[in-house]
Amino acid sequence: MIVWALLTSVGINLGLCLLFFTLYSVLRKQPSNLEVYAPRLVAAKEGSEQKNGFNFERLLPTAGWVKRAWQPSEDELLSVSSLDAVVFIRIFIFSLRVFGFAGIVGVLILLPINYLGNQLDVDFDFSDLPNKSLDSFSISNVNDGSKCGVVCYLLHYEYGYISSKRYAHYYSSKPQPHQFTILVRGIPVSSGSSCSETVERFFTEYYPSTYLSHAVVRRTNELQRLTSDAEKLYRRLVHLKSETKPQQRSRRDGFCGLFGRKVDVLDQYGKKLENLEDNVRMEQLSVAGKASFFIAYVVTSGWTSLLSSELFRLLPLISSIIKRPFSGKDDDEFEVPSIPYHSDIPKVLFFGLLGITYFFLAPLILPFLLVYCCLGYIIYRNQLLNVYAPKYETGGRFWPTVHNSTIFSLVLMHVIAIGIFGLKKLSLASSLTVPLPILTLLFNEYCRKRFLPIFKDYPVECLIKKDREDQNDPTIAVFYDKLRTAYKDPALMPKRHPRSTDDHNSPLLQAGV
C-alpha cells in the first residue's frame with residue numbers, strides 16, 4: 001500500500017467518524033432516543049424533564065457530552081458504576097502512557113531511521129512522498145533497545161495501583177452473601193434422612209459457631225423456563241388489559257419480535273482475534289510488510305467501529321426505531337444494558353498487541369493507536385456514566401489477563417526482533433535482544449507471585465479486619481436474615497402478583513343462570 005492510498009482510507013474513515021459524532025450529538029438530545037443513549041437516566045427517572053415540548057437547541061450538534069464524560073474523577077466513576085468499570089478505563093490510561101512514550105521514540109527516532117535506509121532502493125525525495133510505499137517507513141528499509149523497561153515499569157505500577165484499589169473497595173463495600181457462603185458437592189446421604197437433614201446435622205455438630213443456614217440446590221432448568229414464560233405472559237396480559245383500543249392488543253406478536261438475526265459478538269471477535277493472531281505467529285520473517293493492513297484495520301475497526309457501534313449504538317437505535325410504533329408508553333420489559341466486557345476487553349487488548357509488536361517494525365501505526373485510545377477513553381467513560389449499569393462486580397479480577405496479554409505482546413515483539421535482526425545479518429543486535437524475553441518472563445513471574453494472589457483471595461488480616469468492622473455494623477443482623485434466603489432457587493420461590501380491581505378481572509365465560 002502506498003502513502004496516498006493510506007491517506008485516502010484515513011480520510012474516508014475520518015469523515016465517517018465526524019458523521020457519526022455529529023449524528024450522535026443531535027440524536028442523543030431527542031427525548032425519543034433516551035432509552036438508547038441514556039438508559040441509566042431513564043431507569044433513574046432523571047430524563048423525564050427533557051420530554052417537554054420542542055426545543056431548537058436539540059437540533060444543533062454540540063460537544064458538551066465530551067466535557068461531561070471527561071470531568072468526573074475516578075472516585076466519582078467508582079461511586080456511580082463499579083470497580084470493574086474503573087479498571088476497564090485504566091486499560092486505556094495504561095495504553096495511552098505506553099503508546100505515548102512509544103510514539104515519541106518511534107516517530108521521532110525510528111521512523112526517520114527506517115525512511116532513510118536504502119534496503120528497498122527508494123530514492124530520498126520528499127516531493128514524491130504520497131507515492132511512496134509504506135514499507136519505506138518500516139524496518140524493511142533498514143540496512144543493517146527496546147521499550148521493554150518502560151512497559152514493565154508501567155505494568156508494575158498499574159498492578160500495584162489496582163491492587164490497592166481492590167483493598168479499598170473491599171473495606172468500603174457492604175457484606176455480600178457470597179462472602180459468607182460455601183458450595184458443598186457430592187454429599188453422602190444416609191438411609192432414613194434427606195439431603196437437607198444430613199447437611200443440617202453435620203454443620204450443626206461440627207461448625208456450630210459459624211453455621212447459619214443452608215439451601216439445597218437442584219436442577220430446575222425446566223421449572224425455571226416455565227416460571228420465566230409465566231412471568232412474560234403475566235406482564236403481557238397486564239399490558240394488554242391496560243390498552244383502550246382492541247386492535248392494538250396483538251401488536252407484540254408482529255414481525256418485530258422475529259426481525260433480524262442474533263449474532264454472538266464474542267464468537268465473532270474471537271474468530272477475528274484468532275484469523276489475525278495466527279497470522280502474526282505464522283508470518284513473522286514478512287511481518288513488517290503487513291503494517292499497512294493493520295494501520296487500515298486500526299482506522300476502520302478501531303476508529304469507525306468504536307464510534308458507530310459503541311457511541312452511536314447503531315443496532316440498538318435501529319431496533320428502537322422499528323419497535324417504537326408497536327410498543328406502549330410504559331414498557332415493563334425495559335432493562336438497562338450492561339457493558340459486554342467479554343467482547344470489549346479482547347478488542348482493546350488486540351490493539352495493544354498491534355501497538356507493542358509494531359513499535360519498531362512500523363512506528364507509523366502508533367499515532368493511529370493513540371487516537372483510538374483517546375477515543376476509547378472518552379467514549380467508554382460516557383457510556384459507563386449514561387448507558388451501562390453494572391450487572392455484576394468482580395473487583396477488577398480481569399486485570400491479570402490484561403497483564404498477561406501485555407507480557408505476551410512483549411515476548412512476541414522480542415522474538416520477531418530476533419528473527420528480523422537475524423535476517424538482516426545483524427548478529428550483534430540479535431544477540432543483545434535474546435536476554436530481553438528472558439528478563440520479561442522473570443518480571444512476569446515476580447508480578448505473579450507479588451500481585452496475583454490479591455486477585456484470587458484476600459489476605460487473612462484483611463478478612464479479620466473486615467469481620468471486626470462488620471460486627472460493629474448495626475445493620476449486620478438484617479443482613480444475616482436476608483442471607484438465609486439469598487441462594488434459594490428463584491424457580492422455587494412463590495410468585496405474588498397484585499390483583500387487579502378493574503372490570504378486566506372478570507372471568508372470560510359467565511356461568512349460566
Side-chain angles (χ1 to χ4, degrees), residues 82-84 166-167 169-234 264 266 335 338 340-342 390-401 404 448-449 451-497:
S82 63
L83 183 58
D84 285 336
R166 275 182 59 83
Y167 281 136
H169 177 263
Y170 177 69
Y171 286 136
S172 62
S173 62
K174 294 292 184 180
Q176 299 297 322
H178 70 270
Q179 298 171 349
F180 298 82
T181 308
I182 61 171
L183 177 63
V184 181
R185 301 176 183 268
I187 301 173
V189 180
S190 58
S191 59
S193 62
S194 64
C195 179
S196 179
E197 292 172 345
T198 301
V199 173
E200 178 80 21
R201 182 169 56 252
F202 177 85
F203 283 97
T204 302
E205 181 176 356
Y206 295 104
Y207 299 94
S209 61
T210 57
Y211 172 74
L212 181 64
S213 64
H214 72 276
V216 179
V217 180
R218 299 179 175 87
R219 296 186 182 274
T220 56
N221 296 345
E222 184 65 19
L223 180 59
Q224 181 64 48
R225 183 185 65 82
L226 294 175
T227 305
S228 179
D229 292 342
E231 281 290 307
K232 292 180 181 178
L233 179 60
Y234 171 78
D264 192 334
L266 177 61
E335 183 179 358
S338 60
Y341 290 116
H342 61 279
K391 189 175 182 180
Y392 54 84
E393 173 69 89
T394 69
R397 297 185 71 171
F398 55 82
W399 180 258
T401 302
N404 294 336
R448 190 182 69 83
K449 293 182 178 180
F451 298 112
L452 187 58
I454 300 175
F455 288 81
K456 291 184 176 181
D457 298 295
Y458 290 101
V460 176
E461 54 267 29
C462 293
L463 300 177
I464 295 177
K465 182 179 179 180
K466 180 65 173 174
D467 283 342
R468 290 173 178 172
E469 293 178 356
D470 290 341
Q471 290 175 358
N472 298 325
D473 188 352
T475 63
I476 194 65
V478 179
F479 169 75
Y480 285 151
D481 292 337
K482 295 180 179 180
L483 186 61
R484 297 177 182 271
T485 59
Y487 285 97
K488 281 194 174 181
D489 195 324
L492 301 178
M493 298 290 286
K495 300 294 181 182
R496 300 180 181 273
H497 300 297

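Here the structure is a predicted model, which is why all the values come from computation and not from measurement. All residue numbers in this chain count up from 1 along the given sequence.
Here the closest non-hydrogen pair linking H169 and E393 is NE2-OE1, 3.7 Å. In terms of heavy-atom proximity, P175 sits nearest to F180 at CB-CE1, 3.8 Å. For S82 against Y341, the heavy-atom pair with the smallest separation is OG-OH, 4.3 Å. Scanning both residues, T198 and P188, for their nearest heavy atoms gives CG2-O, 3.6 Å. Between G395 and D84, the shortest heavy-atom contact is N-OD1, 3.3 Å. The shortest non-hydrogen separation linking R166 to T394 is NH1-O, 3.4 Å.
Taking the centre of each ring, F451 and F455 stay at or above the 6.0 Å mark. F203 and Y207 have their aromatic ring centers within a separation under 6.0 angstrom.
Looking at heavy atoms from C-beta onward, L212 lies in side-chain contact with L483 at the 4.5 angstrom threshold. Between Q471 and I476 the shortest side-chain heavy-atom distance does not fall below 4.5 Å.
Taken to the nearest 0.5 Å, the OH atom of Y167 stands 9.0 Å off from the OH atom of Y458. Here the straight-line distance linking atom NE2 of H214 with atom SG of C195 works out to 7.0 Å at 0.5 Å rounding. Here the CG-OG1 distance, from D481 to T475, works out to 11.5 Å after rounding to the nearest 0.5 Å. Distance check, rounded to the nearest 0.5 Å: CG of L83 to CZ of R397 gives 12.0 Å. Atom CD1 of I187 is separated from atom OG of S196 by 9.0 Å, given to the nearest 0.5 angstrom. Here NE2 of H178 is found 14.0 Å from CG of L183. Values are rounded to the nearest 0.5 Å.
Under a 3.5 Å cut-off, the side chain of S173 and the backbone N or O of Y170 do form a donor-acceptor pair. Not a single donor-acceptor pair under 3.5 Å links the side chain of K465 to the backbone N or O of Y171. In this structure a side-chain-to-backbone donor-acceptor pair under 3.5 Å is present from S194 to E197.
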- request: Starting from the C-alpha separation in whole Å, work towards a yes-or-no answer on side-chain contact (heavy atoms from CB on, under 4.5 Å) for Q179 and L463.
  value: CA-CA 10 Å; Q179 298 171 349; L463 300 177; over 6 Å; no

